[in-house]
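We're numbering straight along the sequence, starting at 1.
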Amino acid sequence: MTDRGGIVAAATGAEALSTEEPVGRSTGWWGMVLFVATESTFFACLLGSYYYLRFQVGPRWPPDGIGNPELVRPLIMTGLLLFSSVPLFWGVRGIRYGRRWRLRAGLLATMVLVVTFLTVQATEYVDDLRTLTPTTDVYGSLYYLITGFHSVHVLGGLAFVGWLLAASLGNRFDPQHYDRVRNAGIFWVFLDVVWVAVLFTIYLSPRL
């Protein structure tokens with residue numbers, strides 16, 4: 001007779017459960033996907049509010065004699081943020097083959113580009129605040145709300161990448177364990193897509 005009780009105990013015991021390989025996507029992957037979906041909905045609401053209020057105000061946008069936003073720095077920022085994805089994904093691909101040095105170099109390069117992005121945006125805010133504040137009118141409120149919330153997410157991404165870099169220096173990642181690095185890539189695609197939408201909405205659409 002087969003010892004069914006023994007088989008069940010062996011399959012559900014602490015040792016078996018601790019060595020069981022997970023099937024499908026990891027919990028962290030699903031968590032990041034759901035987080036990105038939630039934040040994407042949030043930004044969709046913000047951008048939708050921008051267009052709704054724009055067409056409620058009237059044909060002149062920005063209102064109250066405010067000039068169109070400049071394009072030079074936003075285009076520089078776009079290049080910096082989009083290009084920051086390249087070393088990140090280069091590093092992710094490297095750790096898949098056990099090249100920790102490549103992951104570290106990619107994460108560091110991404111951090112440098114993101115810090116530069118935020119620095120350029122800070123200079124833009126310093127100049128804009130001389131003539132436009134969040135309390136000037138509805139346009140000023142939307143401008144700082146939308147770009148500011150994106151900057152907060154970029155800061156969060158910078159902290160995330162910084163933590164990954166510190167962890168990689170401690171040899172925390174290898175070809176079998178790099179889910180957190182891959183999740184950073186998912187978040188970075190989200191940052192890029194949202195920024196392109198912000199660029200079109202805030203900086204380009206007033207010119208159309």
Undergrad: Can you confirm whether Ile66 sits close enough to Pro206 that some side-chain heavy atom of one is under 4.5 Å from a side-chain heavy atom of the other?
TA: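 A side-chain contact is absent here, since even the closest heavy-atom pair is not under 4.5 Å.
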
Undergrad: Give, for atom NE2 of His150 and atom CD1 of Ile202, the distance between the pair rounded to the nearest 0.5 Å.
TA: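 Answer for the NE2-CD1 pair, His150 versus Ile202, is 11.5 Å.
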
Undergrad: Are the side chain of Arg54 and the backbone N or O of Ser49 linked by a donor-acceptor pair below 3.5 Å?
TA: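 No, the answer is negative, given that no donor and acceptor are paired below the 3.5 Å cut-off.
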
Undergrad: Name the orientation class of the two ring planes belonging to Tyr51 and Phe55 (parallel below 30°, tilted from 30 to 60°, perpendicular beyond 60°).
TA: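 Taking Phe55 first and then Tyr51, their aromatic rings lie parallel (interplane angle under 30°).
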
Undergrad: So which heavy atom on Met77 is nearest to which on Phe117, and how close?
TA: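 Met77 and Phe117 have their closest heavy atoms at O-CD1, 3.2 Å.
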
Undergrad: Honestly, is Arg182 close enough over Tyr178, meaning NZ or CZ under 6.0 Å from the six-membered ring centre and within 45° of the axis?
TA: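 Satisfied, under 6.0 Å and within 45°.
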
Undergrad: With rounding to the nearest 0.5 angstrom, report the CE to OG1 distance, Met111 to Thr116.
TA: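 Atom-to-atom, Met111:CE and Thr116:OG1 are 11.5 Å apart.
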
Undergrad: Side-chain heavy atoms under 4.5 Å apart, restricted to Ile/Leu/Val/Met/Phe/Trp/Tyr: what other residues fall into the cluster of Leu169, or is it alone?
TA: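 Joined to Leu169, directly or through intermediates: none.
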
Undergrad: Sub-3.5 Å donor-acceptor pair from the side chain of Thr136 to the main-chain atoms of Leu132, do we have one?
TA: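 No; zero donor-acceptor contacts below 3.5 Å.
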
Undergrad: For residues 79-93, which side-chain N or O atoms pair as donor and acceptor with protein atoms under 3.5 Å away, sequence neighbours left out?
TA:
residue : atom : partner : partner atom : Å
Ser84   : OG   : Leu81   : O            : 2.5
Ser84   : OG   : Trp188  : NE1          : 2.8
Ser85   : OG   : Asp192  : OD2          : 2.4

Undergrad: Counting only heavy atoms from other residues, nucleotides and ligands, does the tally under 6.0 Å from CZ of Phe160 exceed 12?
TA: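 Yes, CZ of Phe160 has more than 12 neighbouring heavy atoms, counting only those of other groups under 6.0 Å.
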
Undergrad: For Thr133 and Leu129, indicate whether the former's side chain and the latter's backbone hold a donor-acceptor pair under 3.5 Å.
TA: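 Not at all, since once roles are kept as given, no pair shorter than 3.5 Å links the two residues.
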
Undergrad: Might you work through the side chain to side chain donor-acceptor pair (under 3.5 Å) test for Tyr125 and Thr147, ending with a clear yes or no?
TA: CA-CA 10 Å; Tyr125 279 164; Thr147 59; 2.6 Å; yes

Undergrad: Do the ring centers of Phe42 and Phe149 come within less than 6.0 Å of each other?
TA: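 For Phe42 and Phe149, the ring centres are under 6.0 Å apart.
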
Undergrad: Drop me the distance from Leu113's CG to Leu158's CG, to the nearest 0.5 angstrom.
TA: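 So the gap between those two atoms works out to 11.0 Å.
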
Undergrad: Hey, is the main chain of Val198 close enough, under 3.5 Å, to the side chain of Thr201 for a donor-acceptor pair?
TA: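 A pair under 3.5 Å: no.
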
Undergrad: Which residues pass the salt bridge (Lys or Arg N to Asp or Glu O under 4.0 Å) test with Arg73, not counting sequence neighbours?
TA: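 Counting only residues at least two positions away or on another chain, Arg73 forms a salt bridge (Lys or Arg N to Asp or Glu O under 4.0 Å) with Glu70, Asp127.
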
Undergrad: Taking the side chain as every heavy atom from C-beta outward, state whether Leu71 and Arg207 have any atom pair closer than 4.5 Å.
TA: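 Contact flag for Leu71/Arg207 side chains = yes.
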
Undergrad: Before giving the answer on side chain to side chain donor-acceptor pair (under 3.5 Å), spell out for Tyr143 and Asp128 the whole-Å C-alpha distance, their side-chain angles and the decisive distance to 0.1 Å.
TA: CA-CA 10 Å; Tyr143 172 78; Asp128 289 341; 2.5 Å; yes

Undergrad: Return the orientation label for the Trp195 and Tyr203 ring planes: parallel under 30°, perpendicular over 60°, tilted otherwise.
TA: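 The arrangement is tilted - the two ring planes meet at 30° to 60°.
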
Undergrad: Counting only N and O atoms by type, is there a donor-acceptor contact under 3.5 Å from the side chain of Arg104 to the main-chain atoms of Ser168?
TA: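 It does hold such a pair.
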
Undergrad: A side-chain contact here means heavy atoms from C-beta on lying under 4.5 Å apart; do Tyr139 and Pro69 qualify?
TA: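 Tyr139 vs Pro69: side chains touch.
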
Undergrad: Is any side-chain heavy atom of Gln121 less than 4.5 Å from a side-chain heavy atom of Leu118?
TA: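 Side chain of Gln121 against side chain of Leu118, heavy atoms only: contact under 4.5 Å found.
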
Undergrad: Just so I know, are the side chains of Arg180 and Phe173 near enough to count as touching, which here means a heavy-atom distance under 4.5 Å?
TA: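 Yes - at least one pair of side-chain heavy atoms lies under 4.5 Å apart.
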
